Amino acid sequence: MLSWLRILGASACALWLAACAAPQTTADPHDLIKSGWNEFTLSEFDRAVARFEEALAKTPETDDLHLQALYGLASTWNLRRPGEDVEKARELYEQIIRLAPKSETAIWSRLALARLKHLVPVGEEPDYNEVRKAYQQIIDQHPGHLAAKEAFIYKMSTLIASLKPAETKQAIRELEEFVKDPNTPFRGPAYSLIAVGCTTLDEPEKRLQAEIDSLNNTEIDPANPFNEFSWQYWNIATIAEFECGDFDTARMYYDKLIKEYPTDKRVFGCKQALKRMDEVEGKIRGEM
């Protein structure tokens, strides 16, 4: 009797585990790739690897879906934390380029390889000359492409990060030319880099305007429920108040933070700042 109970118990456990297991995906490679990216987004990296590998096994090397599966697999090994394998990712990106050097996937793979040169492990220093050269190759080879514009932003970030006045001025000149087109992507990050560069060059008024422009050009992700701008409002307001003496702009952004984020921990500081500016202006009027 006990042995039968054990068998029944084991069977019930097996059925329960099967019911709780991840749902099986369709054998269609397109759906497998879609499922792989969904698993990647959820940080289910082992499942993502399994989906991309299954898609690879079901597609010939000449198929665009095969390239997409390779790219998904490479990105998973590159970006997963923990358990990343940068060398495996590098080999997969290079495989894409060998298979279809003129493909869309190859362009993004070249950018990913450039990023691997830039984002080295903690404690190591990237070779910035090689990094900039890699980004510039993408810019030169694929002018106007979204990957080229992204490479441009990354290249400019290396110049801004140098904290050297000459390189900073060069980057700001190129970034200001870049943002002249109101339809170009990455205007928000470009203005943000200009703001950082203006900090290096001690140009607070120009920095303030760049921070405002960066905020106004933020790309909103409708799928992200956590879009919020309380820190940007606070940052702009404090720069305006303390570095530029622009109380009108400071008031505007302190007020925006209070009204849009009434439970934010900085609201008390905003109210104190509004009171402080009123007192300063009152004192100036009294002296006049």
Side-chain angles (χ1 to χ4, degrees), residues 33 36-37 40 52 55-56 59-80 84-121 124-162 164 166-194 196-197 217 219:
I33 293 169
W37 282 115
F40 177 89
F52 290 130
L56 280 177
T59 52
E61 289 187 346
T62 54
D63 194 323
D64 184 62
L65 289 176
H66 191 86
L67 300 177
Q68 292 183 36
L70 278 173
Y71 185 81
L73 187 60
S75 299
T76 303
W77 285 116
N78 181 17
L79 302 173
R80 65 179 294 169
E84 67 273 18
D85 190 331
V86 174
E87 288 309 312
K88 183 179 290 187
R90 192 192 315 276
E91 291 172 3
L92 291 167
Y93 288 131
E94 291 173 347
Q95 184 179 348
I96 291 169
I97 296 169
R98 286 196 303 272
L99 288 173
K102 296 183 179 180
S103 67
E104 189 78 6
T105 317
I107 297 174
W108 290 105
S109 296
R110 292 187 184 98
L111 179 60
L113 289 171
R115 294 293 287 157
L116 288 178
K117 291 183 178 182
H118 191 178
L119 303 178
V120 297
E124 296 182 18
E125 184 74 11
D127 183 337
Y128 282 109
N129 288 330
E130 286 300 312
V131 170
R132 291 166 190 157
K133 181 179 177 181
Y135 287 141
Q136 190 60 47
Q137 284 179 342
I138 297 167
I139 296 167
D140 293 339
Q141 292 173 5
H142 310 287
H145 194 281
L146 186 62
K149 295 180 185 296
E150 190 171 339
F152 170 80
I153 293 294
Y154 290 139
K155 181 186 176 186
M156 294 302 103
S157 74
T158 67
L159 296 172
I160 294 291
S162 72
K164 297 176 181 178
E167 292 186 356
T168 300
K169 289 177 182 178
Q170 175 192 340
I172 289 177
R173 283 194 302 271
E174 294 190 37
L175 287 163
E176 287 176 337
E177 187 66 28
F178 179 81
V179 298
K180 284 182 179 179
D181 180 359
N183 297 314
T184 193
F186 307 117
R187 292 181 89 233
Y191 278 119
S192 183
L193 286 173
I194 291 172
V196 175
N217 285 276
E219 295 182 13

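We number each residue from 1, following the sequence as shown. Predicted model, so just to flag it, every value in this text is computed and none were measured.
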Kindly write out the residues that satisfy side-chain hydrogen bond (donor to acceptor under 3.5 Å, both in side chains) with Thr59, not counting sequence neighbours, or none if the list is empty.
His66
Separation of Leu73 CG from Leu56 CG (nearest 0.5 Å):
6.0 Å
4.5 Å side-chain heavy-atom contact, Thr105 and Ile97
no
Would you say that Leu92 contacts Tyr71 through its side chain, given a criterion of any heavy-atom pair below 4.5 Å between the two side chains?
no
So, taking the atom named CD1 in Ile194 and the one named CZ in Arg187, what distance separates them when rounded to the nearest 0.5 Å?
9.5 Å
Would you say Tyr93 and Asn78 make side-chain contact, with heavy atoms under 4.5 Å?
yes
Side chain proximity check, Ser75 to Phe52, heavy atoms < 4.5 angstrom
no
Counting only pairs under 3.5 Å, give me each side-chain donor-acceptor contact of residues 146-155, with atom names and distances, residues two or more places apart or in other chains.
from   : atom 1 : to     : atom 2 : distance (Å)
Glu150 : OE2    : Tyr154 : OH     : 2.8
Lys155 : NZ     : Gln136 : OE1    : 2.6

Rounded to the nearest 0.5 angstrom, the CG-OG distance for Leu175 and Ser157 is 9.5 Å
Determine the minimum heavy-atom distance between Phe178 and Ala190, stating which atoms define it.
CD2-CB, 3.9 Å
What's the verdict on side-chain contact (heavy atoms from CB on, under 4.5 Å) for Arg173 and Lys169, showing C-alpha distance, side-chain angles and the deciding distance?
CA-CA 6 Å; Arg173 283 194 302 271; Lys169 289 177 182 178; 3.9 Å; yes
Report yes if some heavy atom in the side chain of Val196 is under 4.5 Å from a heavy atom in the side chain of Thr168; otherwise report no.
no
Side chains of Val179 and Thr184 in contact at under 4.5 Å (non-hydrogen atoms):
no
According to salt bridge (charged side-chain N to carboxylate O under 4.0 Å, His left out), who are the partners of Arg80, at least two apart in sequence or on a separate chain?
Asp46
Are Trp108 and His145 close enough that some pair of their side-chain heavy atoms sits under 4.5 Å apart?
yes
Could you tell me which non-hydrogen atom of Pro126 sits nearest to which non-hydrogen atom of Lys117, and how far apart they are?
CB-O, 3.6 Å
Assess the residue pair Tyr135 and His118 against the criterion (side-chain hydrogen bond (donor to acceptor under 3.5 Å, both in side chains)); give the C-alpha distance rounded to whole Å, side-chain angles, the decisive distance to 0.1 Å, and a yes or no.
CA-CA 10 Å; Tyr135 287 141; His118 191 178; 2.9 Å; yes
Contacts of His142 meeting ring pair (Phe, Tyr, Trp, His ring centres under 6.0 Å) (sequence neighbours excluded), chain-then-number -> none
Looking at CD1 of Ile96 and CD1 of Ile107, how far apart are the two atoms once the value is rounded to the nearest 0.5 Å?
12.0 Å
Enumerate the residue pairs fulfilling salt bridge (charged side-chain N to carboxylate O under 4.0 Å, His left out) with a member in residues 87-116, sequence neighbours excluded, ordered by first and then second residue.
Glu87-Arg90
Measure the spacing between CG of Leu99 and OG1 of Thr62 and express it to the nearest 0.5 Å.
9.5 Å
Hey, could you give me the CD/CG distance between Glu174 and Leu159, rounded to the nearest 0.5 Å?
7.0 Å
Among residues two or more places apart or on two chains, list those pairs meeting salt bridge (charged side-chain N to carboxylate O under 4.0 Å, His left out) that have a residue in residues 128-148.
Arg132-Glu167
On a heavy-atom basis, which atom in Ala100 and which in Ala106 lie closest, and how many Å separate them?
O-CB, 3.2 Å
